[in-house]
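For reference, the structure discussed in these notes is given below.
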Amino acid sequence: VCLFVLSKGKLIMNSSPSSSTPKEVLQLHLSCAHIPRKDITSKSDPFVVVYQTFDGGQESKIGQTEVVKDCHDPDFHTLIPITFYFERIQSIRFAVYDEDVKGGLLSKQDFIGEVKINLSELMGGHRGNLTAPLKSSKGKVGKTTITVLAEGVGAVGGSITLAANAINVDKKDLFGKSDPYFVISRFIGGKWNAVHQSEVVKKTLNPAWKSFTSDIATLCNGDTSVKLLFQVFDYDKRSDPDFIGDFTASIDDIEKGSHTSQGWPLINEKKTSKRKYKNSGMMYFPTVKIATFQPFSAYLRAGMQICCSFGIDFTASNGNPSLPSSLHFHAPGALNEYGDAIFSVGTILQDYDSDKQFPAFGFGLKMADGTVSHSYPLNGNFQNPFCSGLQQVLDGYYNTLSQMQLWGPTNFAPIIRQASSVAKTSHERFKEGVMGEYHILCIVTDGVITDMLDTKDAIVEASALPLSIVIIGVGSANFRKMDELDGDKHKVKGTSGKEASRDIVQFVEFRQFNGRTSDLAAAVLEEIPGQVEKYCADNHVLPNL
């Protein structure tokens with residue numbers, strides 16, 4: 001990722017480490033009930049220490065509440081902030097103590113008990129509100145409980161669309177007019193850092209720039225009242241750009257000003273000492289549109305379920321399943337690449353689905369009657385293709401391998417349309433104001449799609465529904481064509497010319513992660529919260545908490 005940093009009117013490049021999708025910050029409110037008496041002459045003085053672990057790794061402390069004196073039912077005022085990683089197994093441990101030595105080490109305090117829970121379980125299964133009994137150091141459960149309430153920090157996200165123009169900007173070119181462009185910067189880390197740069201408009205003192213849309217987090221860190229720096233420059237091909245003028249204003253300021261056609265004077269400080277100097281031009285914003293939406297966690301707390309289904313590639317290109325060279329080869333006690341992909345993704349998503357029922361299908365296989373199927377239920381039940389839990393998905397996958405013949409071709413469109421038909425029911429419920437289910441179709445495949453055009457049409461159709469598609473490529477095939485389905489860089493376009501209304505596809509290659517299945521799942525799922533938010537914003541779905 002590159003940021004533009006402005007220094008003394010010049011535009012310079014500043015490299016920063018690449019970052020993943022912006023994460024939502026939650027705050028945890030904690031309270032306890034029935035704290036036992038630990039002090040002889042008075043009630044206990046409880047406090048809570050909070051730790052987190054990612055994917056079974058090293059534990060780290062993330063916060064600690066205040067000590068509540070002489071209280072057996074404390075309601076702690078200290079809120080514990082925690083960044084929500086939907087795509088990771090994020091475990092939290094709440095350890096409750098009675099303060100015995102003021103300000104002393106934890107080893108000097110009386111341990112009361114603890115609770116461990118995955119953040120996905122708290123947000124999915126418990127809708128952000130959990131009461132659980134504490135376990136003592138000996139693993140015993142008593143009457144003492146802890147209640148954890150999770151809420152989002154920063155109520156809304158969204159996007160901002162701006163159109164800008166200027167009049168009477170300073171003439172900077174000796175033999176012509178100026179070539180103006182503007183830069184918007186946000187104050188970060190003690191300096192102004194550019195967050196948007198417009199195109200250059202050639203040879204004019206009255207430029208009208210193209211409108212643009214930016215997410216609120218990028219432009220103003222989610223706060224439309226924060227001041228931004230607007231600078232106008234004259235582009236010069238052979239030298240540094242010439243500074244024309246600037247001003248500071250918030251998005252709220254310019255949105256309010258757009259209703260009265262307010263202009264913003266461009267000021268060059270070096271010219272302000274001149275007696276007749278007024279400004280170096282006026283800048284206007286005829287279009288200011290702010291589209292806000294609720295964060296992902298709000299929909300989970302309102303009862304949204306995340307439902308996962310699987311589509312498994314049973315085409316002949318995978319190789320004979322009885323041979324170790326096959327991608328479908330199943331060694332006893334071990335998962336192959338298909339099994340690893342199913343398990344890593346399913347492990348994350350199962351906590352967001354209360355019944356843990358997974359529709360699972362195979363495509364590209366030949367059934368006993370010679371028919372080729374692109375949506376064969378792995379449990380063998382065409383009327384009820386749901387598998388109860390991940391283990392049943394894996395069992396169904398391996399049983400199907402032993403009973404069916406690998407065939408072809410590699411068609412994605414049928415399985416996508418099948419998932420879409422289920423998502424349409426949820427879509428209708430959302431339109432009726434009922435908090436329903438958001439669906440994720442996980443396709444695991446070894447090769448190049450043979451129905452690319454039909455698949456693009458199916459994706460365009462599905463983009464308006466509560467559905468995301470994640471594709472995991474196993475094996476060593478050339479997966480470059482998959483980029484055509486991932487809308488990160490360009491919108492997917494169907495054969496009719498219609499574009500997908502939003503990006504719903506994410507593709508990753510299994511072998512790029514060298515067996516790190518937790519990183520694989522993170523890469524596959526990290527865009528899901530944003531896709532859910534975009535669907536809800538487009539369809540005016542509110543969490544109504």
Side chain to side chain contact (heavy atoms under 4.5 Å, CB included) between Ser354 and Gln305, worked out: CA-CA 7 Å; Ser354 59; Gln305 297 281 292; 3.0 Å; yes

Do [X] and [Y] have side-chain N/O donor and acceptor atoms under 3.5 Å apart?
| X | Y | answer |
| --- | --- | --- |
| Ser326 | Asn320 | no |
| Glu24 | Thr83 | no |
| Thr410 | Thr450 | no |
| Thr371 | Asp369 | yes |
| Asn118 | Ser91 | yes |
| Ser31 | Asp75 | no |

Side chain to side chain donor-acceptor pair (under 3.5 Å) for Asp252 and Ser225? Distances and angles first, verdict last. CA-CA 6 Å; Asp252 288 341; Ser225 67; 4.9 Å; no

Identify, with sequence neighbours excluded, every residue that meets ring-ring contact (aromatic ring centres under 6.0 Å, His included) alongside [X].
| X | answer |
| --- | --- |
| Tyr352 | Phe86 |
| His126 | none |
| Phe84 | none |
| Phe94 | none |

With side chains defined as the heavy atoms from C-beta onward, is the minimum distance between [X] and [Y] less than 4.5 Å?
| X | Y | answer |
| --- | --- | --- |
| Lys424 | Glu428 | no |
| Pro133 | Val141 | yes |
| Asp313 | Tyr338 | yes |
| Ile82 | Gln90 | yes |
| Tyr85 | Leu119 | no |
| Ile443 | Ile416 | yes |
| Pro409 | His374 | yes |
| Pro321 | Phe329 | no |

Taking all heavy atoms of [X] and all of [Y], pick out the closest pair and write down the distance.
| X | Y | value |
| --- | --- | --- |
| Asn379 | Cys387 | CB-SG, 4.2 Å |
| Thr495 | Leu453 | CG2-CB, 3.9 Å |
| Ala477 | Gly447 | CB-CA, 4.3 Å |
| Asn478 | Val448 | O-CG2, 3.5 Å |
| Leu335 | Phe343 | CD1-CB, 4.1 Å |
| Glu526 | Pro529 | O-CD, 3.6 Å |

For [X], give me all partners under side chain to side chain donor-acceptor pair (under 3.5 Å), at least two apart in sequence or on another chain.
| X | result |
| --- | --- |
| Glu59 | Arg93 |
| Lys456 | Glu484 |
| Ser375 | Gln418 |
| Ser501 | Ser463 |

Decide yes or no on side chain to side chain contact (heavy atoms under 4.5 Å, CB included) for Cys220 and Ile216, but give the supporting numbers first. CA-CA 6 Å; Cys220 56; Ile216 288 178; 3.8 Å; yes

Determine, stepwise, if the pair Val541 / Tyr299 fulfils side chain to side chain contact (heavy atoms under 4.5 Å, CB included). CA-CA 9 Å; Val541 177; Tyr299 294 102; 4.1 Å; yes

Can you tell me how the ring of Tyr397 sits relative to the ring of Phe314, calling it parallel under 30°, perpendicular over 60° and tilted otherwise? perpendicular

Is Asp538 paired with Lys534 through a side-chain N to carboxylate O contact shorter than 4.0 Å? yes

Does the distance from a Lys or Arg side-chain N to an Asp or Glu carboxylate O, for Asp457 and Lys493, drop under 4.0 Å?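 A salt bridge is absent here (no side-chain N lies under 4.0 Å from a carboxylate O).
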
Would you list the atom pairs, donor with acceptor, under 3.5 Å between side chains in residues 505-515 and any protein atom, with sequence neighbours excluded?
unit_1: Gln506; atom_1: NE2; unit_2: Ala523; atom_2: O; d: 3.1
unit_1: Arg511; atom_1: NE; unit_2: Glu337; atom_2: OE2; d: 2.7
unit_1: Arg511; atom_1: NH2; unit_2: Glu337; atom_2: OE2; d: 3.0

From the options Met404, Gln403, Gln405, select the one residue that forms a side chain to side chain contact (heavy atoms under 4.5 Å, CB included) with Leu365.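 By the side chain to side chain contact (heavy atoms under 4.5 Å, CB included) criterion, Leu365 pairs with just one of Met404, Gln403, Gln405: Met404.
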
Tell me, with the steps shown, if Thr445 and Phe412 meet side chain to side chain contact (heavy atoms under 4.5 Å, CB included). CA-CA 10 Å; Thr445 182; Phe412 281 12; 3.7 Å; yes

So does Asp351 get a backbone contact from the side chain of Glu121, meaning a donor-acceptor N/O pair under 3.5 Å? no

Between [atom1] of [X] and [atom2] of [Y], what distance do you get to the nearest 0.5 Å?
| X | Y | atom1 | atom2 | answer |
| --- | --- | --- | --- | --- |
| Leu327 | Ser317 | CG | OG | 8.0 Å |
| Ile160 | Ile251 | CD1 | CD1 | 4.0 Å |
| Ile472 | Met482 | CD1 | CE | 11.5 Å |
| Leu323 | Asn318 | CG | CG | 12.5 Å |
| Lys491 | Ile459 | NZ | CD1 | 14.5 Å |
| Ile415 | Thr455 | CD1 | OG1 | 11.5 Å |

When the side chains of residues 434-441 are checked against the rest of the protein, which donor-acceptor pairs come out under 3.5 Å, sequence neighbours left out?
unit_1: Tyr438; atom_1: OH; unit_2: Leu467; atom_2: O; d: 3.4
unit_1: Tyr438; atom_1: OH; unit_2: Ser468; atom_2: OG; d: 2.6
unit_1: Tyr438; atom_1: OH; unit_2: Arg502; atom_2: NH1; d: 3.1
unit_1: Tyr438; atom_1: OH; unit_2: Arg502; atom_2: NH2; d: 3.3
unit_1: His439; atom_1: NE2; unit_2: Ser426; atom_2: OG; d: 2.8

Residues in salt bridge (Lys or Arg N to Asp or Glu O under 4.0 Å) contact with Lys289, at least two apart in sequence or another chain: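 Partners of Lys289 under the salt bridge (Lys or Arg N to Asp or Glu O under 4.0 Å) test: none.
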
Heavy atoms of other groups near Lys366 NZ, more than 12 under 6.0 Å: yes

Pairs flagged by salt bridge (Lys or Arg N to Asp or Glu O under 4.0 Å) wherever residues 444-454 is involved - sequence neighbours left out: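 Non-adjacent pairs meeting salt bridge (Lys or Arg N to Asp or Glu O under 4.0 Å): Arg417-Asp454.
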
